[in-house]
Every structure is written in C-alpha cells, then in structure tokens.
Peer 1: 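Got a structure for you, written out below as structure tokens; questions coming shortly.
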Amino acid sequence: VRQGETEKEVRDAKPRPDTSSGQRLSSIVGAVLDSCRSSAIDGEDHAPFPSSREIVHISEDLMDLLFPGCATDDAPSGDAAEHVDALVRKVFRRLSVQISMSLRHGCLKSGALCERCAAWGQEKAMLLLETFPRLRELLVADVKAAFGRDPAAKSLEEVVLSYPGLVAITVYRVAHELWLLDVPFIPRMMTEYAHGKTGIDIHPGAKIGSSFFIDHGTGVVIGETTEIGDNVTIYQGVTLGGYRFKKRPDGSLERGYKRHPTVGDDVIIYAGATVLGGDTVVGARSVIGGSVWLTHSVPPDAVVTISEPELKYKVGY
Amino acid sequence: VRQGETEKEVRDAKPRPDTSSGQRLSSIVGAVLDSCRSSAIDGEDHAPFPSSREIVHISEDLMDLLFPGCATDDAPSGDAAEHVDALVRKVFRRLSVQISMSLRHGCLKSGALCERCAAWGQEKAMLLLETFPRLRELLVADVKAAFGRDPAAKSLEEVVLSYPGLVAITVYRVAHELWLLDVPFIPRMMTEYAHGKTGIDIHPGAKIGSSFFIDHGTGVVIGETTEIGDNVTIYQGVTLGGYRFKKRPDGSLERGYKRHPTVGDDVIIYAGATVLGGDTVVGARSVIGGSVWLTHSVPPDAVVTISEPELKYKVGY
Amino acid sequence: VRQGETEKEVRDAKPRPDTSSGQRLSSIVGAVLDSCRSSAIDGEDHAPFPSSREIVHISEDLMDLLFPGCATDDAPSGDAAEHVDALVRKVFRRLSVQISMSLRHGCLKSGALCERCAAWGQEKAMLLLETFPRLRELLVADVKAAFGRDPAAKSLEEVVLSYPGLVAITVYRVAHELWLLDVPFIPRMMTEYAHGKTGIDIHPGAKIGSSFFIDHGTGVVIGETTEIGDNVTIYQGVTLGGYRFKKRPDGSLERGYKRHPTVGDDVIIYAGATVLGGDTVVGARSVIGGSVWLTHSVPPDAVVTISEPELKYKVGY
C-alpha cells in the first residue's frame, strides 16, 4: 500500500528541473573525490591495488591447473600437455602482475612500478607454481579423503567436479603458500573468493594437515592461527574461532598471537560445533558432536556430545 | 551399481525415433508458453522486469564508485578523477533504465514505457547518486570499525579488498537508499546479490547505524523491520528475525508491522546467536554470547551467555 | 610487523638468477603432468568431463526458460514466443553435449565419442525438457507458497526476482529429473552451482513434494535420501542429514541406503534445527522449533521446541 501510494505521487509529481543532469553528476564526482582525498583510504596518489576480478580469474585457472582432467574450461584442448603448458604460462604472467601490484604498497617508491617490485612479483609467482607438484599430491589425498568419508560420493571425479569443500581447500592451499611467501592482500582475496563461492571461510594463515575433508561446508570458519592435523573431517557450520581478544593498554587490539584452536590428527567435528580459543586443543582421534560449544581442551580419543537437550512437545495444538 | 546398470541399459537401448527433435522442441515451447499464459506470473503482456544480471553489474560498479582506490576493474585508468567520472555516468545511465523498468509495473500504461516512468527512473537514479558522498563517509567509518575490531585485519585496504561484511554493508546501504526512494524490486535484487556473494542476508528495509561491523558473516540474517544503533558488531550465523507471524482473519499473513528486533548502540552479538521478535530490544552496550536464543528484551549493559551446556565425555571408545 | 620486515628483506634481496623462467615453467608443467599420470584422477587418457562453467550457463538459461517473464537476460526479445523458442533450442543443443560427455565415462569406448553416447545425450536432454511444463506448474506453486508464507514478500514477481530459496528449488527440481534419468555428474554439478549461489545445499537425489518454501536459506542441507512431503517450510540453517554411517566389514562406508529423514506434509522447521537419521520421521503438520536437535521420530501434529536455555546475565560489567 505504502509503495503503491508513493508511486502514484511519484508519477504525478515532476522531476526537479532546477539543475541539468550533467551538472548534478559533476557535483557527485567532485564530492566523491573530495571524500577520497580526505579519508585514510582511496587517496588519489595510491598505486593501484590487486584487482578482485583478476584474482577470481587467476584462482579459477589455478584450480584448472591443479585438476587438469576436470578443467572448467569450455573447450579444453585435446592434448593435456599443451593445455597444462598454456595454463601455467598464462597464470605465471597474470599472477606476476598482481603480486607486483600488491608488493608496491609496502615499497617506498610507490609512485611508479619499481624494478624490484616487478622482479619480485615474477619470482614469487614462480615460487608458488613450483609448489604445485607437491600441492597436487596433497589435493589428491584430499579428494580421496572426501570419497572415503562421504557415502553420497559416487567417484573421485564427482568430488573434483562438485564438492565445495574441495574448492575451499584447494584455494586455501594455494593461498597459504602465497601467505608463506609474504605476499600481501592476495592470499586473503583468494580465500575470500572461495568463501563467497562455497560459504567456507578459511584464513590463509591457518595450518592444515593432509587428507582434510569438509562436507557441505556452508558457514565453516577457520581462523588465522588455527592448527589442524592430518585426516581431519569437519561438517557445515563448524567454527574454529577466537575467544575474548587481548587488548593493548591503549585499548586497541593485540594482533598476531595465537587466538584459534589446535585440532589433532584424525579428529571429526560434526555440524554446527563451535571450538574457540588459542589454548584449546582437541586431542587426536577425538569426536566433537554436532552443536557442541567448546572453549577448553579435550584429551585424545574423547567423544564429546551435547546432552540431548530437553525438548517440549505439544500434540494437537 | 544402480547407475552402472542403468547406463548399460541406456547404451543398449535405442533413442525413441517416433517424432523428430524439431517437433518435440516445438511442443515444449508451446506447453511452456501455455503455462505462462495461465499463471499469475510470466504473462505474455508483461513489461520486462529489471534484469538480475544487469543489477549485478550495476552493484559491482557502485562498489567501485564508493571505493575507487580499490576498484575491481581490470585496468583502472591512471587518473582517479577520469575513472570516477566515467563510472558515475555509466552507473547513472544503466541504473536509470533499470529503475524505469521497475516503476512500469506500478504504472497503468504498462504496455509501453511511459514518459513519466522514464523521467522518474532518471530522477531516482540521480537522487541515489547524490547520497554517495554521505554514504562514503558512513562506509569509511564501517571500514575503520572492521579494522579496529578484528585482530586479523592488517590494514584498512585489506578490509575493502577482502571482507565480505563490507560488501554486504555497502550493498545494503545503497539498496536502503533506493528503498527509501520507493523503488520496487531493485533494492531486494541488490541485497540478494550481496547475500549470494557473502552469505549475509540484510533486508534493504532494515535501519542500521554507523560503524557497523559483521565478521565472517555467513548465515547472518537481518530482517526487514530490524533497527540497529551505532557501533554494533555481529558475527557469523546471527539471526535478527521474526517470531510468530500475525495472521489476518482470512488466514493470510499480516504484512508491514514491526516483526524484527531493535539493537542499541555499542552492542556485540557473537556467532550463531538468534534474537527474535518485534518487541525485543537489546539495550545499549549489551553483549549477546554465541549461540544464545533470545525472544525477550535485555537491559543496557547486560552480558547474556548460554549456561555452558553439559557435555558428555567418553574416552577410549 | 612481520610482513613489513620480510618485505624489506624481499626488496633488498635479489631474484634467483640460476635458471631461466622458461626452463622453470617447463619443469612445473612436467611435474604436474607426472602427478596426473600417477594419480587415480586426471589421467591423460580421460575423455573430458562436463564443464563446470558450461553447466553454470545452462543452469542460468534453464531458470530463464522456466520463468521467461523474469528472464535475467540483458535484452529480452520483445516477443515471448520467440524468446522461449530460442532458449529451448539453445539449451537443448548445449545440454545434449554435456550429457554426452558425462555418459562417456561409463562407456567402454571412452577414447572417442561413440554414437550411442551422442544419441543418448540428445535423448536425455529432450526427456528433461519434456518435463518442463510439469516443472513450471510445480514451480509456480513454490512461488505462491513463498508469497503466502513470508510477510516481507511484496509480490509473486519479487519472489522470482530475489528469493534464493526459489533459485535452489528450481535448480533442484531440474537436477532431480536428470538424476531420475541416470545422468552422471551433472545433477550434482547443478545443485552445487545453486549451493554456491544461495548457500542452500539440496542433493539432487532427495524427493521433495509440491509448494516447498525455504526462507533465507543460507546453511540449509538436505541429504541424498531425504523425503519431504507437500507444503513444507524450512528456514535458514536447517540440516536434514545423516547420523552415524554404516560401515562394511572392510571398514569402507556402506553406500546407497536411506540415511536421511522423512518429513511429512505441512511441516514447518525453524532456523538452525537439525534433523538426522534415515529412520527419523517428522509427522504431518508438526512444527520443529528453532535450534532443535532431533534424532528420533515425532508424531503428526506435534510442536517440538527447545526448553528455553538457561541464560546467564551480568549487568554493568
């Protein structure tokens, strides 16, 4: 009703004829630029940052490169060797540029692209690609873990083609290598691309062992200083998060200390469980039940479940 | 096994040769069109609706315009003023068309695009853009809030480049202005774009104060009639939702009354908490703990937590 | 701090000049191909799999075809009949190719595209499209259900244009038909596309009745062997999942038996509720409250809620 009435008024009223569109648009441009000049971000003299769209394209290409048999390309070339070769060179070229752009912001000569930033962009892109044979082995183990632990999986290829957990883990493993190479911005941009696509939010700083499986995954959060062992399984909605942040005497947040839990080998954490705190350790082979809320450590080989909550029933309401 | 067997049958059987593909496709077209004609939606005489794809493109451009220093454009022009100018004019042109299309559905002359719908599409697009200097200030405060409250944030630019909460809040702030301008369809299409990208579902009708921070954010739901004060922080999986809907005497739903909570200034709501109901008020400076389920009001300065649930342990299963 | 220091070192150090970039890239290509050759997936002799990107495009076109009045196309042709006709033929052609590619992996002659795979790709694409008039009727009922059960909905078209639940249900209904046609890979790829877009994870094997409504939806999981009656409503974060998987004597998982719940007609399940297990039946007209955790059956006409959890309050901390 409200909308209908207002639309009638809108149609009966007349557009403001006082100023021309061109003038009004120019005023907007001026005001936005003023706001940029006076704020701590978006200043005019900034060198450009890495491009989100480009990071998305590169992330997609990196996944195709790590699983070339299941490449998402519309028309994969018949010859696998040619396909992989072209992909490696394309990714190297584009990623080098983005890494250079990210490095410039820590560089004093930020006005122009200095030679060292360009050279180090190339070197770090190369160092990343040189981890790929090792990452492939890790990821193949992740695929096998998914198949072995999900009764709905029909084949290894189905895992590659349609498991969001594998997308999130693949992008995380790549982003983690860039994190170890001290590349700014891009690791978080990559994991955020995966978060947007899958609902699984893994910080590139987290340390995660082999044969990791996340099922369904929407709502999973794995914080920056989390450590996860081998053969761990996690379901949708699990948070491995921080608990009560430390503050500095001036009231600002302490940064950089361990705030997120440690999870041992062979642990299973079921849907919706929340495990918090940098001192919290989940011992090896333990099982954390669905919806458990945990802020202290658990010994190895434990099974932790919520007491079945008391439910209230009313029939024939 | 089932699949393998069936595929064998499939390969051994023969395609039905009875009718030509062309004839079968034509029958499908006819049947779909018949279904459209007889249903309350998709009628043939409809003027076209705003295009989801176009709304996505426009939303991306609007974000680039609000943070031009971190634009996602692949090749940002060197000159910031030129870049912002081109973006403002492009967004104005495209958004005008979409708003006109949305207004036509409330217009009696829906057969052709009437002049007033076209003129009002332009005027509302302009009125939206004229809020951008003010929105910029609000959004810069949101960026600083994120940096100040998340120990994992390394810089203000990292927040702009990789925090999904900021995407959701930016799109919400724009969509809310269109909502106040009584533009149909498009505000919800915009926030739904952000919901799809971030997992954060903010209704454009909600009222949200300054310096708002959502961390991680997947699963957050903020309903149409929610009111949120200044300096509020919300974590993943928080619902600010409705509780028991009112019905009209004919059994249909009452619409348009306050169904969602009110949250005071400086409140923190931790992961997975659920706050429901139009009469529920969370007092200023209160802290709502993780997984809390709340359907009544809380005074200012309160800390509300779940009783640590009783857990059952079994070791050496 | 850590990052700044390292970047200084990075800029002061020199790139490794020992090997040329070209040689290093060639080594990476060789190592990735070696890894592919030695793993169970991505072997060189594989026929290509269906393309994820292509499945996304086809899924978008299928939604446009099912709701032609709200098509997402940027410039919908004025004439509805022409538009639908072109869309049907385009989808038929592209989907036939993808289905053929998926069938080849179960075919013994996987080296080249055998004639029967090609013919069956076309036939199954046609059989899918021939379900569309029926699917349209189901989907129009789903749209009406959303409008009738959500007080925030302003019109039927708003549901089509901006409700993620409708996207997930539409893609599920199409994918379920392909599942019944025993098409490999593609049904899961389609529902995973919808999962990524909406946060709603419906397995294509699930059986779902008419007038189904999912509100908000992020975090919803509906497992492979779930059965849902007519007029059911589900909110965000609801899991209809498996509980304790059966294992074979060799320790591997039992597959293919009923592991997920059965939900009767007219049931409502509120946000964050978890219902688990293949023997669990929720009786008709029952209401499952928010955050309920349920691993056993509930009779018809029941209302099941959590006991309001004891909360701890502290004021003036």
Side-chain angles (χ1 to χ4, degrees), chain B residues 2-4 6-7 10-11 15-16 21 24-25 28-29 31-33 35-36 39-44 46 48-54 105 154 185 188-189 192 195-196 199 201 203 218-219 221 223-224 237 239 241-242 245 252-255 259 274 292-293 299 301-307, chain C residues 3 65 67-70 72-74 76 80-81 84-85 88-89 92 103 106-107 116 119-120 122-123 126 129-130 132-133 136-137 140 143 148 151-152 156-158 160-162 164 182 184 197-199 216 218-219 236-237 256 271-272 290-291 306 308-317:
Chain B
R2 186 182 65 99
Q3 210 159 60
T6 316
E7 270 170 43
V10 159
R11 285 192 309 274
R16 298 193 325 204
S21 288
R24 288 169 77 185
L25 290 172
I28 295 163
V29 172
V32 167
L33 289 170
S35 165
C36 290
S39 83
I41 43 177
D42 290 306
E44 268 186 299
H46 263 316
F49 284 88
S51 149
S52 299
R53 275 178 209 161
E54 187 70 4
H105 291 271
K154 309 287 184 248
F185 302 116
R188 281 284 287 124
M189 293 170 81
E192 200 45 51
H195 181 197
D201 182 356
H203 196 286
T218 308
V221 173
E224 179 183 2
T239 291
F245 298 146
S252 70
L253 290 178
E254 192 76 54
R255 294 172 195 258
R259 309 180 300 283
T274 302
V292 162
W293 167 272
D301 299 298
V303 178
V304 184
T305 52
I306 50 170
S307 310
Chain C
Q3 211 160 59
L65 182 51
F67 292 105
C70 301
T72 61
D73 204 332
D74 289 5
V84 169
D85 191 85
V88 163
R89 284 166 209 280
F92 173 67
L103 292 174
C107 173
R116 274 187 296 201
W120 271 105
Q122 289 198 10
E123 179 60 18
M126 186 69 85
L129 288 169
E130 286 176 339
F132 271 37
R136 265 282 304 181
E137 301 306 309
V140 168
V143 172
L156 295 174
E157 286 84 1
E158 185 187 319
V160 179
L161 291 167
S162 58
D182 282 314
K197 196 176 162 77
T198 67
H216 307 298
T218 309
Q236 70 269 21
S291 299
I306 50 171
E308 287 253 335
E310 197 192 331
L311 298 177
K312 292 190 293 190
Y313 293 90
K314 197 170 70 173
V315 176
Y317 63 108

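Note that the structure is predicted; figures quoted are calculated from it, not measured. Every chain is numbered from 1 and lettered A, B, ... according to where its sequence line falls, protein lines coming before strand lines.
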Peer 1: For C:Q122, which residues count as a side chain to side chain donor-acceptor pair (under 3.5 Å) partner, sequence neighbours excluded?
Peer 2: none

Peer 1: If I measure from the heavy atoms of chain B, does C:Q236 come under 4.5 Å with its side chain, its backbone, both, or neither?
Peer 2: side chain

Peer 1: Using ring-ring contact (aromatic ring centres under 6.0 Å, His included) as the criterion, list what pairs up with B:H203, not counting sequence neighbours.
Peer 2: B:W179

Peer 1: Minimum heavy-atom separation for C:P151 to B:E254, with atom names?
Peer 2: CB-O, 3.5 Å

Peer 1: Kindly give the heavy-atom pair with the smallest separation between B:V32 and C:P133, and that separation in Å.
Peer 2: N-CG, 4.5 Å

Peer 1: Could you check if a side-chain atom of C:M126 sits within less than 4.5 angstrom of a side-chain atom of B:L25, using non-hydrogen atoms only?
Peer 2: yes

Peer 1: Taking atom CG of C:L161 and atom CZ of B:R188, what is their separation to the nearest 0.5 Å?
Peer 2: 10.5 Å

Peer 1: Working to the nearest 0.5 Å, report the span between CG of C:L129 and CZ of B:R24.
Peer 2: 9.5 Å

Peer 1: Taking all non-hydrogen atoms of both residues into account, name the closest pair between C:P164 and B:E192 and its distance.
Peer 2: CG-OE2, 3.2 Å

Peer 1: Highest number of heavy-atom pairs under 4.5 Å with chain B: which of C:V140, C:V143, C:D85?
Peer 2: C:D85

Peer 1: Between B:T305 and chain C, which part of the residue has a heavy atom less than 4.5 Å away: side chain, backbone, both or neither?
Peer 2: both

Peer 1: Where on B:V221 is there a heavy atom nearer than 4.5 Å to chain C: the side chain, the backbone, both, or neither?
Peer 2: side chain

Peer 1: At their closest point, which heavy atom of B:F185 faces which heavy atom of C:E158, and how far apart are they?
Peer 2: CE2-N, 3.8 Å

Peer 1: Looking at C:G237, C:G290, C:G199, which has the largest count of heavy-atom pairs under 4.5 Å with chain B?
Peer 2: C:G290

